[in-house]
Amino acid sequence: MDRLIIYQMFPRVFSNTVQNPIPWGTLQENGSGKLNDLTPKALRSIKELGVNCIWLTGVIEHATKTDFSEYGIKPDNPNVVKGEAGSPYAIKDYYDIDPAIAVDVKQRMREFENCVKRIHKEEMKVLIDFVPNHTARVYHSDSAPSGVKDFGADDDITMGFSHGNNYYYIPFQQFSPDFPLDAEGDSPYVEFPAKVTGNDCFTAFCGRCDWYETVKLNYGHDYGDWSDHFDPIPDTWIKMLAILRFWASKGIDGFRCDMCFMVPLPFWHWAIPQVKKDYPGIIFIGEIYDVGQYRPFLEYGCFDYLYDKVNLYDTLVDIEIHNHSAARLTGAWQTVDGIGDSMLNFLENHDEVRFGSKAYAGNPANVVPSLIVSAMISKGPYMIYYGQELGESAKENEGFAGDNDRSTIFDYWSYDTLRRWWNCGAPSLKLLTPQEKWLRGLYQKVLTLCNTEPALREGGFFDLMYVNLQHDGFNPHSDFAFLRYTKDSLLLIAVNFDNIPADLDIVIPRLAFEMAGIPEGCVETEDLLSGRTTVLNFCPDQAVKVHLNQKDGVVLKIKSENK
């Protein structure tokens, strides 16, 4: 089975062609990309990267400052909306599509359904967000199936916690954050009693750094005494299962589950198998930030894959910018030993700073060692974020997002790198800089190898660091080396995180020869990234000499007549 190679795309920005967007610009001023822009030609260009799955981020209807009332959509109070476009994680209607990404707003669901069909026709899967922990502060569905009540419709608002409530409340206290609720629009925002804010802020007096645009959903856990009330099944569980089934019925292939660890684990154990029974093969990916919960969420929670942000990603960040040693990568794979193939690895997503930004590497061309390690250390799924393959580095101040080294999810915006590649809907390399072309070619090679090379798609892993920590010719502070292998495919992979070239003497132990079937003697190798061939002498417990440029790596395919 092929590894999932995911392209996370934010449709609102991805295909937007407005040349000079202005900070805090409205939809009318800055424009928005559309689902209809994802034409077969555009999708094929993405697929050429080695991608076989597209995550459409931010497609479910969320609170916004844009007025769509002419389409029967109730306007949101701007005082509790982040940015002009609004946060895609402040869901106001779980049964509808964001009108900003539709050409014909009245046909927005049909446009989404047709987009899914086009992606499938190009033989790629489709993921969307499932946001279970919180909604917009005001939730109202105008598209829910008949008989489905809104979240909070039957809540007892005099109770801070009640088994039957969909939300948590702060009884007898008005929502009173440390910023004005009457600064924008015609009416102040009034919420009485206050609902608990989405980031588990159990006070009516939250601040701008809180998720003030959202309110937390109640799954039956009482945060007052930490008791659970899951029998009978809470109403929120039932509503959420119906929402999962609704979107699965649209033909999507899976869900990226936002902040899944903030929802009680028993809900996932109850819900995911029911969805999988109705829709076999559907994928659940969990956003999670606690290594200690990885195994429970995979085993009991029934997730297929989990983010490995706080383990591998953070280790790579520390190596790149905090002078941590490459040898620490051994601890990263050991932490997830036995479940590593269920980890989703990445270098960028909408929550993290861009790799090439000043807050991370400072230059997208430095990505080679991090990309090789993160994509090739396991046979689990891999993800890139739209524009990453071009070196997009988030150097602009878009408005609400500010100059934070991330690509905005709150503003209407477009980026020069993507506009030039997009080429008014005819994706092309002709307007890209030499570095951008090189980067796209690099990502295409690495991502494609993940499935064309059996050793990377399904092979074993052998860490060579334990025999290379203490000998001349190998610097464990900046160098990392490992093997990937199957019965018929063998790769020696080495990277150099340093800013100067390195001549590595990589010792390969006899155990590795036995496990991976390494041929002894002089053997021809090919670097699958550069195409260069080299004859290397392989002997157990002896060093193989490999030259690496600064911020570079090799993926050496070891050839043998016996392979």
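Tyr305 and Phe303 have their aromatic ring centers separated by at least 6.0 angstrom. Aromatic pair Trp421/Phe14: centroids less than 6.0 angstrom apart.
Within the model, atoms CG of Asp318 and CZ of Arg328 stand 5.5 Å from one another, a figure rounded to the nearest 0.5 Å.
A donor atom on one side chain and an acceptor atom on the other are found under 3.5 Å apart for Tyr294 and Asp308. No side-chain donor-acceptor contact under 3.5 Å links Asp498 and His477. Side-chain contact check for Thr330 and Asp463: at least one donor-acceptor pair (N or O, by modelled atom type) lies under 3.5 Å. Judged by distance alone, the side chains of Tyr7 and Glu389 do bring a donor and an acceptor atom under 3.5 Å apart. Judged purely by distance below 3.5 Å, without hydrogens or angles, the side chains of Asp129 and Trp55 pair a donor atom with an acceptor atom. Using a 3.5 Å distance cut-off with no hydrogens or angles, the side chains of Arg484 and Ser378 do not pair a donor with an acceptor.
A salt bridge between Arg532 and Glu526 is absent, with no side-chain N of the basic residue lying under 4.0 Å from a carboxylate O of the acidic one. Under 4.0 Å is where a charged nitrogen must lie from a carboxylate oxygen, and between Asp405 and Lys358 at least one such pair does. Of the charged side-chain nitrogens involved, at least one lies within less than 4.0 Å of a carboxylate oxygen, so that Asp304 and Lys276 count as a salt-bridged pair. Between Arg419 and Asp416 there is a salt bridge, since a side-chain N of the basic residue sits under 4.0 Å from a carboxylate O of the acidic one. The pair Arg420-Glu436 counts as a salt bridge, with a side-chain nitrogen and a carboxylate oxygen less than 4.0 angstrom apart. A salt bridge between Arg44 and Glu122 is present, with a side-chain N of the basic residue lying under 4.0 Å from a carboxylate O of the acidic one.
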Please tabulate, for side-chain N and O atoms in residues 453-461, each donor-acceptor pair with protein atoms closer than 3.5 Å (sequence neighbours left out).
residue	atom	partner	partner atom	Å
Glu453	OE1	Ser489	OG	3.2
Glu453	OE1	Lys557	NZ	2.9
Glu453	OE2	Lys557	NZ	3.3
Arg457	NH1	Asn451	O	2.5

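Within the 3.5 Å criterion, the main-chain N or O of Val59 finds no donor-acceptor partner in the side chain of Asp98. In this structure, the side chain of Gln444 engages the main chain of Glu48 through a donor-acceptor pair within 3.5 Å. Thr525 contributes a side-chain N or O that, together with a main-chain N or O of Thr534, makes up a donor-acceptor pair within less than 3.5 Å. Although no hydrogens or angles enter the test, the distance criterion places a donor-acceptor pair under 3.5 Å between the side chain of Asn496 and the main chain of Asn549.
Remark: Tyr382 pairs with Ser374 by the side-chain hydrogen bond (donor to acceptor under 3.5 Å, both in side chains) rule, at least two apart or across chains. For Phe400, the ring-ring contact (aromatic ring centres under 6.0 Å, His included) partners are Phe410, not counting sequence neighbours. Judged as a salt bridge (charged side-chain N to carboxylate O under 4.0 Å, His left out), and not counting sequence neighbours, the contacts of Lys551 are Glu320. For His350, the side-chain hydrogen bond (donor to acceptor under 3.5 Å, both in side chains) partners two or more places apart in sequence, or in a different chain, are Gln8, Tyr89. Residues passing the salt bridge (charged side-chain N to carboxylate O under 4.0 Å, His left out) test with Glu352: none are found, sequence neighbours excluded.
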**Request:** Carefully, step by step, assess Glu398 and Tyr415 under the rule side-chain hydrogen bond (donor to acceptor under 3.5 Å, both in side chains).
**Result:** CA-CA 10 Å; Glu398 306 98 332; Tyr415 295 101; 2.6 Å; yes
**Item:** Working for side-chain contact (heavy atoms from CB on, under 4.5 Å), residues Phe538 and Glu520
**Value:** CA-CA 5 Å; Phe538 289 91; Glu520 296 188 34; 5.7 Å; no
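Lys395 NZ: 12 or fewer foreign heavy atoms inside a 6.0 Å radius.
Nearest heavy atoms, Leu469 versus Ala327: CD2-CB, 4.1 Å.
Tyr386 carries Arg354 over the face of its six-membered ring, with the cationic atom under 6.0 Å from the centre and within 45° of the normal.
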